[in-house]
Amino acid sequence: MNNYIEIKDLSSVASAVKEAIALKSNPYKYKKLGTHKTLVMLFFNASLRTRLSTEKAAKHLGMDVIVLNVTDAWQLEFESGVVMSLNTSEHVKEAAQVISQYADILAVRAFPSLTDKQKDLSEWILSSFIRYATVPIINMESATGHPLQALADAITIEEIKRTPKPKVVLSWAPHPKALPHAVANSFIEMMQTIDVQFSITHPEGYELNPDIVKDTPVIYDQDEALKGADFVYVKNWSNYTDYGKITSQDPQWMMTQEKLGAAQFMHCLPVRRNVVVEDAVLDSEQSIVIAQSNNRTFAAQLVLKKILENG
Ligand code: CP
């Protein structure tokens, strides 16, 4: 594997999930693979899980790790041919090449603006690093996708499922802040890839990118959608059509114990208690959010291992 930008970069999701589960039982088996190799992680946005789990994964493989919060560095310019007489001090053309000298693998987190749809869809930050860096790139959540989270979610479902083809529902939830579409997008793409019965439920008007949803069933009646679910993945996203806006905060969409029924509760975290999901769900044995976050390590380790093996 050259890069991990999207789920499609995995030649086989089924094999990746299987291999990640095997890594979990013997995390230091490939300790020598990353010796004298460095992972540089660039964060344009905050992180708890991605930062720690990816560093842990790299260390399982014997890699050195450097983390840079980009706000601590010179402000980067991404436009070509621009007169840099305002706030930006360094162009990504130089920065990406410079960082590549210190890194064997470069991982980037860069959220969307949620104000300029076309710019976000172009993945202007991640694409610039793919274009100008000279080392493999890992997407640690971009404007439109979070493939490391989706791989961890697939691992978690594989480990916990009690039927060969479980029913999985992605359910929108209210949130006071406008949030990106990335987690939902990648989760949808992952569920379309693995062997599950998958549907999405959200209020009318909260349709996601049709190029991602494709023919996945969308059921506007949340109660109807949740009937018989084995896994319920709850996530807020801002309006995609009225781009980046909050057009509903309907508390009726918060996940409750009653709505969840016998299903397992999934969320990528961080999560706002009693806004997105009630305490009773998160504090119950049906919540598998901690297992999901643990699997972030092994999703990242699988990806790093594949890239290191590629030389
Ligand atoms: N789920 C996730 O990516 O968490 P962080 O934003 O804390 O990294």
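Every number for a ligand or one of its atoms is a count from 1 in the order of the listing.
- Looking at E309 and K305, a side-chain N of the basic residue comes within less than 4.0 Å of a carboxylate O on the acidic one, giving a salt bridge.
- Seen from the ring of F78, K93 does not count as a face-on cation partner, given the 6.0 Å and 45° thresholds.
- Looking at H267, H146, Q292 and measuring to atom 3 (O) of ligand 1, the nearest heavy atom belongs to H146.
- Side chains of D153 and T156: a donor-acceptor N/O pair is absent below 3.5 angstrom, by distance only.
- When hydrogens are left out, the protein atom nearest atom 7 (O) of ligand 1 is L48 N, 2.7 Å; that is the closest non-hydrogen contact.
- With a heavy-atom cut-off of 4.0 Å, V183 does not touch ligand 1 at all.
- H181 has its ring centre less than 6.0 Å from the ring centre of Y243.
- Which parts of ligand 1 touch C268 is read off a 4.0 Å heavy-atom cut-off, strictly below it: atoms 1 (N).
- Where the criterion is an N or O separation shorter than 3.5 Å, residue side chain and backbone included, A46 fails it with respect to ligand 1.
- Distance from atom 4 (O) of ligand 1 to its nearest protein heavy atom, with residue and atom name: R49 NE, 2.9 Å.
- Residue-ligand proximity, L269 to ligand 1, at heavy-atom distances under 4.0 Å covers atoms 1 (N), 2 (C), 4 (O).
- Counting only heavy atoms from C-beta outward, the side chains of N310 and M1 never approach each other to under 4.5 Å.
- Here atom 6 (O) of ligand 1 lies nearest to R109 when heavy atoms of R296, Q149, R109, E141 are compared.
- Taking the charged nitrogens against the carboxylate oxygens, K306 and E19 do have a contact shorter than 4.0 Å, which makes a salt bridge.
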